[in-house]
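Note on naming: letters A, B, ... go to the chains in the order of the sequence lines (proteins, then strands), and numbering restarts at 1 for each one. For clarity, every value in this text was computed on a predicted model and none was experimentally measured.
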Amino acid sequence: MLDKTYRPTEVESRHYARWQDAGAFACGRRAGAAPYTIVIPPPNVTGSLHIGHALNNTLQDVLIRWRRMQGRDVLWQPGTDHAGIATQMVVERQLENEGVRRRDLGREAFVDKVWEWKERSGGTITLQLQRLGASCDWSRERFTMDEGLSVAVRKIFVDLYKQGLIYRDKRLVNWDPKLETAISDLEVQSREVKGKLWYFKYPVEGAADRFITVATTRPETMLGDTAVAVHPDDRRYTELVGRHCILPLVGRRLPIVADEHADPEQGSGAVKITPAHDFNDFDVGRRHGLEMVNVLDPRGYLNENAPEAYRGLDRFEARDRVVADMEAQGLVERVEEHLHVVPYGDRGGVPVEPYLTDQWYVDAKTLAQPAIKAVDDGRTRFVPAQWTKTYYEWMRNIQPWCISRQLWWGHQIPAWYGPDGEIFVELTEADAKEAARTHYGTEAELTRDPDVLDTWFSSALWPFSTLGWPEETPEVARYYPTDVLVTSFDIIFFWVARMMMMGLHFMREIPFHTVYIHALVRDVKGQKMSKSKGNVMDPLELIDKYGADALRFTLTAMATQGRDIKLSEGRLAGYRNFVTKLWNAARLTQMNGCVPDPAFDPAAVGETLNRWIVGALTATVAEVTDYLDEYKFDQAAAAIYRFTWHTFCDWYLEFIKPVLQQGGDAAAAAETRATAAWALGRLLHLLHPFMPFVTEELWQQLGPKDAGMLITAPWPEADAALIDRDAAAEMDWVVQAVSEVRAVRGDLNVPASARPNLYYKIEEPHLENWINYNKDFITRASNSASLIPIHTPITEVSANAVFPGGTFTIPLQGVIDVDAERQRLSREVEKLTGEIARLDAKLANENFLAKAPAEVVEEQHERRTDAATAHAKLAAALARLPAT
RNA sequence: GGGCGCGUAGCUCAGCGGGAGAGCACUACGUUGACAUCGUAGGGGUCGCUGGUUCAAUCCCAGCCGCGCCCACCA
């Protein structure tokens, strides 16, 4: 017997372990079946499960479980990402707490520490995913720094280098002075900051008291100025072009150049040029062959290229000093408050510097072309489609990708330098030595490039590196390309685009057919969840409180395409109640002896009630399947919720009570028991991808003996022949009639004693039983002395209209608030009068009659008739109300 | 500046050419009946505004207003 309540915690861990032990998650179990592959977006190894992961992985698990039940050979490839900067920071901070500094430790020892940390704490998120119910093939778990994946990374790097698609270049990069590394454009986040705009006067050479004014938000960079630019068409400055001015504080002669970059509308129209510290100025500098003076060191302190007074100052201290010194010399024309956007490093949290260094770049523009084409051709498709445009937008304007990082944790770049700076890029040090020997004709001392690769470089290979590439493994052959990538839009550029590029270049095939982009999960107010705001919802706490199934169902039901999810606990509680409802529905069937019959044939049932539920369930199967096919998770969840609660529980289970509990027709009862058990079983199948735990538990307790585990049971077929229209129509009548009766009684404020659940009579033998079932109530109500009998006209009309063949009387008794009833009826009558007038006008409209489809016209006619009937009923009821 | 999206019930959101919907919240009644709750009923909406297309617009188109996000922008 089922417990009175469902206890998620115990059930969840038990079934997860059983599935694992049975190898239910493993790929390759069905040799002949078509493969279905999803690679997990690898969470950072430092990560712990946040609500976004919960959504992302729930959706993947829904797809995976569903396809598995459909008989596909599914592979959900799990793993974690080494997350270069993030992990290095975590371990570094931990060591600092122990009083150890990274640089004191040295590179090798530090990297060992990181590995130690990974072995100890790196599995957290994996365990958390398991609590969510994720049915990944854990036996195939990978880590981006695994030996195999590292080989793939090296091979890709070497191949791209030899193809000229990776190169080394000296140019401005975004430099994070806190982490002391280059970062890519994507890792820069713009923040709006209130700052100042300083107008500085630079003396013009050879013209006493003549100045050219430049505006800047970054006074400290003036120390690296090497020119002043004005627009070629700006007549204010025409005569100055070609002359020089003198850089205050430094004394350098700066040429005044004409360049389109200078915007006459902005500032003073003249702009100082600092090629080593500004991307635009860098370009100007290249155009005019200007000197590039770098005044900062890697930590953002002023270096030896700055005048002595400023050396060693932090860039912000230097700013204050420069302004003060300029003021002292009377060279500050004015200062304005200025709202502007400042680039910050997304990890370091400090403003990044455009910084002149040697870095490694990927020629993304070349690699992007096939990736654009693949989407153009529809070989890879975005769902929802609107993201296609975002993808194109970025791909078409793609910039060289800076892939080197001045970190210790990551894939070290397989490049070695000879004594003269010659570069040897090879898979191994031995190969590099060999190449050097060939090059120099003798043994040469080589030093390896100390930099590591951007974490996203290895992530870009994930769909095939995890399968064993560059080895020619059976897995690569079988599971690549993958079917769908499930992710959120914030990593389309970081990850999706780059997987497309690498996949197409090296595998000659797209990495996935579909990219499903889901929403972001926000808090109730629509704000991003963040630790600093204190509005994070911890999925593990939610699982503890509501159960994994409730959390999963909530996320799935709210995963509408194209809108962010504002998660509230109220919603979660609602779906927890749904789990409870399902549990109790199962209890009801059990208590009524509904045991699965292996010989049950849904096509052979005879009772209307049973034919109806078989059909309704079949329709739901089709609906859910179709919605999942289209990645409409919310609709699929809604369809199944509706059916379970509002069809199966509210009506079917209510209807079967009299059949099963009143004796009577034994054959009908037996059929009904078998049907109920069968229907519940199907329902559990449908719900399993969404709520794996409670459904598996119920299946184990109530399913057929030897039926095995639900996780590997077959997904129901929607056999259209099972949809019985006659039964559906008949039951629709019944449902409608009962609702109408309920509405009447509800409106009358009939006291409890006079309101049994439902009672009516119809020419259906098993439903007639129901009257008997409720007889006690009716009798009791009739005998109550405190009640006055009221017969409402509506009820009479309903009885005659809805059940032409049956006698149908409802002994409604009770008290009535006549004034309230009069008000209500008046309102209804008024509404209907308006409705009728509108429909009449429509039906008199020649254009409408001429152009609208016939069935629409017919429909409007029917509505006119219905409205008139209702109007008559209500008007009569109104007239018959006793005066007060 | 370029791009994308969103304004529908008190709240959170579906729907998207012919009858305005769900969940939560609210009100009333009921509940020793499978229901740590559940049932039944009810109130509540100029579907952001203005035009256009159409026989017909919450839905399609344009403009406007409000909100959000992404990209670019450190004079």
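- The base of B:A34 is paired with the side chain of A:E654 by a donor and an acceptor separated by under 3.5 Å.
- Here the CZ atom belonging to A:F648 is positioned 8.5 Å from the CG atom belonging to A:L588, to the nearest 0.5 angstrom.
- The side chain of A:W645 places no N or O atom within less than 4.0 Å of a non-bridging phosphate oxygen (OP1 or OP2) of B:C38.
- Under the Watson-Crick or G-U wobble criterion, with both distances below 3.5 Å, B:C49 is paired with B:G63.
- Within the 4.0 angstrom heavy-atom criterion, no nucleotide atom of any strand lies near A:T589.
- Across all strands shown, B:G43 forms no Watson-Crick or G-U wobble pair with both distances under 3.5 Å.
- Residue A:D278 has its side chain nearest to B:C74 when only B:A34, B:C74, B:C71 are considered.
- Across all strands shown, A:A867 has no heavy atoms under 4.0 Å from either base or sugar-phosphate atoms.
- Residue contacts shown for A:A850 are absent, as no nucleic acid heavy atom lies under 4.0 Å away.
- Phosphate contact (OP1/OP2 of B:C38, side-chain N/O of A:N577, threshold under 4.0 Å): present.
- A heavy-atom distance below 4.5 Å is found between the side chains of A:R498 and A:L186.
- For the P atom pair drawn from B:C69 and B:G63, the interatomic distance equals 23 Å after rounding to whole Å.
- Comparing B:U40, B:A34, B:C55 against the side chain of A:D650 picks out B:U40 as the nearest.
- Applying the 90° cutoff around 0 to the glycosidic angle, B:A36 is assigned syn.
- Aromatic ring centres of A:F690 and A:F633 lie farther apart than the 6.0 Å criterion allows.
- Spacing between B:C59 and B:G2 at atom P, rounded to whole Å, works out to 27 Å.
- Within 4.0 Å of A:T5, counting heavy atoms only, lies at least one base atom of the nucleic acid.
- Within the 4.0 Å cut-off from OP1 or OP2 of B:G3, not a single side-chain nitrogen or oxygen of A:K389 is found.
- Annotation: the span from A:F553 atom CZ to A:L582 atom CG amounts to 10.0 Å, rounded to 0.5 Å.
- Checked against the 6.0 Å centroid criterion, the rings of A:Y391 and A:W387 do not qualify as a close aromatic pair.
- OP1 or OP2 of B:G15 sits under 4.0 Å from a side-chain N or O of A:Q635.
- Here the separation of B:A28 from B:U46, taken at their C1' atoms, is 29 Å to the nearest Å.
- When each of A:T213, A:L331, A:L254 is tested with A:Y202 by the rule side chain to side chain contact (heavy atoms under 4.5 Å, CB included), just one qualifies, namely A:L254.
- Under the Watson-Crick or G-U wobble criterion, with both distances below 3.5 Å, B:A56 has no partner in any strand shown.
- The nearest whole Å value for the distance from the CZ atom in A:F489 to the C1' atom in B:G68 is 10 Å.
- Across all strands, A:F493 comes closer than 4.0 Å only to sugar-phosphate atoms, never to a base (heavy-atom distances).
- Within the 4.0 angstrom heavy-atom criterion, only backbone atoms of the sugar-phosphate kind lie near A:R576; the bases stay farther away.
- Base engagement by A:H261 is indicated by at least one non-hydrogen atom pair under 4.0 Å involving a base atom.
- For A:Y641 and A:F578, the ring centers sit closer than 6.0 Å to each other.
- Regarding contacts with the backbone of B:C74, a side-chain N or O of A:N280 is found under 4.0 angstrom from either OP1 or OP2.
- In this model, the phosphate group of B:A75 is approached by a side-chain N or O of A:T217 to a distance below 4.0 Å at OP1 or OP2.
- To the nearest whole angstrom, the two P atoms, one in B:C71 and one in B:C11, are 31 Å apart.
- As the counterpart of B:A36, no nucleotide is assigned, since no Watson-Crick or G-U wobble pattern has both distances under 3.5 Å.
- The listed nucleotides are B:A34, B:C73, B:C55; the one nearest the side chain of A:V341 is B:C73.
- Between B:U8 and B:G66, the distance separating the two C1' atoms is 16 Å to the nearest Å.
- Using atom P as the reference point in both B:G10 and B:G18, the two lie 24 Å apart (nearest Å).
- Side chain of A:P354, nearest nucleotide from B:G19, B:C73, B:C74: B:C74.
- Rounded to whole Å, the separation between the C1' atoms of B:G42 and B:C61 comes to 40 Å.
- Annotation: cation-pi pair A:R396/A:Y392 present, NZ/CZ under 6.0 Å from the ring centroid and within 45° of its normal.
- Candidate nucleotides B:C38, B:C69, B:G2 were compared by shortest atom distance to the side chain of A:K581, and B:C38 ranks first.
- Taking the side chain of A:H646 as heavy atoms from C-beta on, and the options B:G18, B:C55, B:G23, the nearest nucleotide is B:G23.
- Comparing atom distances between the A:K4 side chain and each of B:A34, B:C73, B:C55 picks out B:A34 as nearest.
- With a cut-off of 3.5 Å on both pairing distances, the Watson-Crick or G-U wobble partner of B:C24 is B:G10.
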